[in-house]
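Sequence lines set the chain letters: A, B, ... in the order given, protein chains first and strands last, and positions in each chain run from 1.
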Protein chains: 2
Amino acid sequence: MPDKAKKTAYSIADLSQEFCVTHRAIRFYEDQGLISPERSGQARIYSPRDRARLAMILRGKRVGFSLADIREMINLYDQEDGPAKQRHVALKKCMERIEALKQQRIDIDITINELEEYCLILEDLIDINDIQKAQ
Amino acid sequence: MPDKAKKTAYSIADLSQEFCVTHRAIRFYEDQGLISPERSGQARIYSPRDRARLAMILRGKRVGFSLADIREMINLYDQEDGPAKQRHVALKKCMERIEALKQQRIDIDITINELEEYCLILEDLIDINDIQKAQ
DNA sequence: AAAATAGTTTACGTTTACGTAAACGTCAAG
DNA sequence: CTTGACGTTTACGTAAACGTAAACTATTTT
């Protein structure tokens with residue numbers, strides 16, 4: 001089997017396996033207008049672009065975006081050649097999302113710090129306990 | 001009115017306003033065992049610790065944790081004096097959460113980069129358009 | 001006393017993001 | 001040719017995280 005990224009077409013099973021999502025989920029994303037693979041007869045056939053898009057969708061999800069958010073972002077990307085006004089709107093939304101993400105990163109850092117400090121406390125408690133046992 | 005963080009007790013309205021969440025949500029967190037304020041008669045009365053806990057809850061949510069996740073984390077914090085085994089478990093979970101958060105930060109950085117690059121493209125397109133108009 | 005204000009419980013409704021089951025098409029292998 | 005393996009659509013179900021409405025209590029203001 002060649003490199004996954006080098007294939008030129010994927011079945012739903014390919015993608016479902018590679019990204020650990022169910023067929024149902026992938027089809028659901030299609031229902032929601034997030035992806036639209038070609039058809040070979042009635043079977044779906046996904047291009048590398050579709051695959052990249054799926055990766056974006058899943059990353060967006062991990063980052064906390066709703067599918068509606070993600071759809072909006074994807075639509076942004078498809079508006080490069082729209083009228084100037086549309087692009088202005090897209091730019092604004094884009095920047096807003098960036099700001100939100102930066103704030104979210106701050107939240108994550110705070111949470112990581114809290115948890116790390118607490119890990120230290122726990123480790124100390126465990127060490128003390130081990131020493132006591134050893135005596 | 002004194003500094004918000006200096007008050008020694010808060011009503012549900014205080015917290016609801018300060019953190020921009022509804023009364024309903026705060027009570028729901030209580031239902032889920034995430035917070036447990038004192039009562040004055042039947043009214044809830046929140047201590048600074050409760051307030052800090054609410055802040056944690058909301059930060060956890062922004063970071064993408066479910067309420068069940070958050071409850072688990074809060075319970076970790078309450079297990080400092082549990083048996084040694086509990087503390088080992090807590091430590092492990094703690095570290096797993098940290099790893100997950102670090103991965104999530106990577107996802108966020110990737111997404112930010114993608115969006116920033118796309119912003120540049122949009123800005124270029126807009127500039128070109130403006131120049132064309134000016135002629 | 002009446003009305004407004006702030007709080008409470010109970011219970012059903014809503015949205016999101018799928019899960020799950022039914023019932024069927026298709027195509028290569030035995 | 002039929003039996004899997006893999007795919008499809010349709011449709012109902014579900015868990016999470018509240019929203020919303022109803023109906024009540026307690027206190028404060030007019």
Side-chain angles (χ1 to χ4, degrees), chain A residues 1 4 7 9-47 50-51 53-75 100 104 107, chain B residues 1 4 7 9-47 50-51 53-75 100 104 107:
Chain A
M1 283 189 191
K4 287 183 179 181
K7 288 182 66 170
Y10 308 84
S11 72
I12 197 169
D14 291 339
L15 295 186
S16 140
Q17 194 182 6
E18 179 177 354
F19 293 103
C20 295
V21 291
T22 64
H23 298 196
R24 179 69 180 87
I26 295 179
R27 288 193 207 100
F28 184 72
Y29 300 149
E30 185 176 340
D31 278 355
Q32 301 302 305
L34 300 183
I35 197 171
S36 37
E38 301 288 304
R39 295 285 184 144
S40 159
Q42 102 173 324
R44 291 165 174 83
I45 178 148
Y46 298 86
S47 72
D50 291 327
R51 177 175 169 276
R53 188 164 286 207
L54 179 57
M56 281 189 56
I57 294 170
L58 298 175
R59 198 181 321 113
K61 288 208 53 183
R62 287 197 299 271
V63 163
F65 287 142
S66 71
L67 294 187
D69 290 336
I70 295 171
R71 178 175 42 220
E72 206 195 80
M73 291 178 50
I74 283 179
N75 290 342
Q104 199 179 337
D107 283 327
Chain B
M1 287 192 189
K4 286 182 179 181
K7 286 182 71 170
Y10 309 84
S11 71
I12 197 169
D14 290 340
L15 295 186
S16 137
Q17 194 182 6
E18 179 178 355
F19 293 101
C20 296
V21 288
T22 63
H23 299 196
R24 179 69 181 88
I26 295 178
R27 289 194 205 100
F28 184 72
Y29 299 149
E30 185 176 341
D31 279 354
Q32 302 302 305
L34 300 183
I35 198 173
S36 38
E38 301 287 303
R39 295 283 186 145
S40 160
Q42 100 171 328
R44 291 165 173 83
I45 177 146
Y46 298 85
S47 73
D50 291 327
R51 176 176 170 277
R53 189 163 285 211
L54 179 57
M56 279 188 57
I57 295 170
L58 298 175
R59 198 181 324 109
K61 291 207 51 181
R62 287 197 300 272
V63 165
F65 286 143
S66 72
L67 294 187
D69 290 336
I70 295 171
R71 178 175 45 220
E72 208 196 77
M73 291 179 51
I74 283 178
N75 291 342
Q104 197 178 338
D107 283 328

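For the pair A/K61 and C/dT16, the criterion of a side-chain N or O lying under 4.0 Å from OP1 or OP2 is not met. The side chain of A/R44 contributes an N or O atom lying less than 4.0 Å from OP1 or OP2 of D/dT8. For D/dC18, the OP1/OP2 oxygens have no side-chain nitrogen or oxygen of B/T22 closer than 4.0 Å. At least one side-chain nitrogen or oxygen of A/S11 sits closer than 4.0 Å to the OP1 or OP2 atom of D/dG7.
Side-chain N/O atoms of A/R24 and base N/O atoms of C/dT20 include a donor-acceptor pair closer than 3.5 Å.
Counting heavy atoms from C-beta on, the side chains of B/K61 and B/L67 come closer than 4.5 Å. Looking at B/F19 and B/I26, their side chains never come closer than 4.5 Å, going by heavy atoms from C-beta outward. At least one side-chain heavy atom of B/I57 sits less than 4.5 Å from a side-chain heavy atom of B/I74. Taking the side chain as every heavy atom from C-beta outward, B/F28 and B/V21 never approach each other to under 4.5 Å. Side-chain contact between B/R51 and B/L15 is present, with at least one heavy-atom pair separated by less than 4.5 Å.
For the pair B/R39 CZ and D/dA26 C1', the interatomic distance rounds to 14 Å; values are reported in whole Å. For A/D31 and C/dC18, the CG to C1' distance is 11 Å, given to the nearest whole Å. Here D/dA17 presents its C1' atom at 17 Å from CZ of B/R62, a figure rounded to the nearest Å. Rounded to whole Å, the distance from CD on B/Q32 to C1' on D/dA15 is 11 Å. In this structure, CZ of A/F65 is placed 13 Å from P of C/dA17, rounded to the nearest angstrom. In this structure, A/Y29 atom OH and C/dT16 atom P are separated by 15 Å, rounded to whole Å. With rounding to whole Å, A/D69 atom CG is found 17 Å from C/dT15 atom P. Put simply, CZ on B/F19 is 15 Å from P on D/dC18, counting in whole angstrom units.
In this structure, the nucleotide among D/dG19, C/dT8, C/dC18 sitting nearest to the side chain of A/F28 is C/dC18. You'll find that the side chain of A/Q42 is closest to D/dT8, out of D/dT8, C/dG7, D/dC18. Set against D/dG7, C/dG7, C/dA17, the side chain of B/H23 has C/dG7 as its closest nucleotide. When each of D/dC18, C/dA17, D/dT8 is scored by its nearest atom to the side-chain atoms of B/A25, the top-ranked nucleotide is D/dC18. Closest to the side chain of A/I12, from the set C/dA17, D/dT8, C/dG7, is D/dT8.
Contacts of B/R27 with the nucleic acid, taken as non-hydrogen atoms under 4.0 Å apart, include base atoms.
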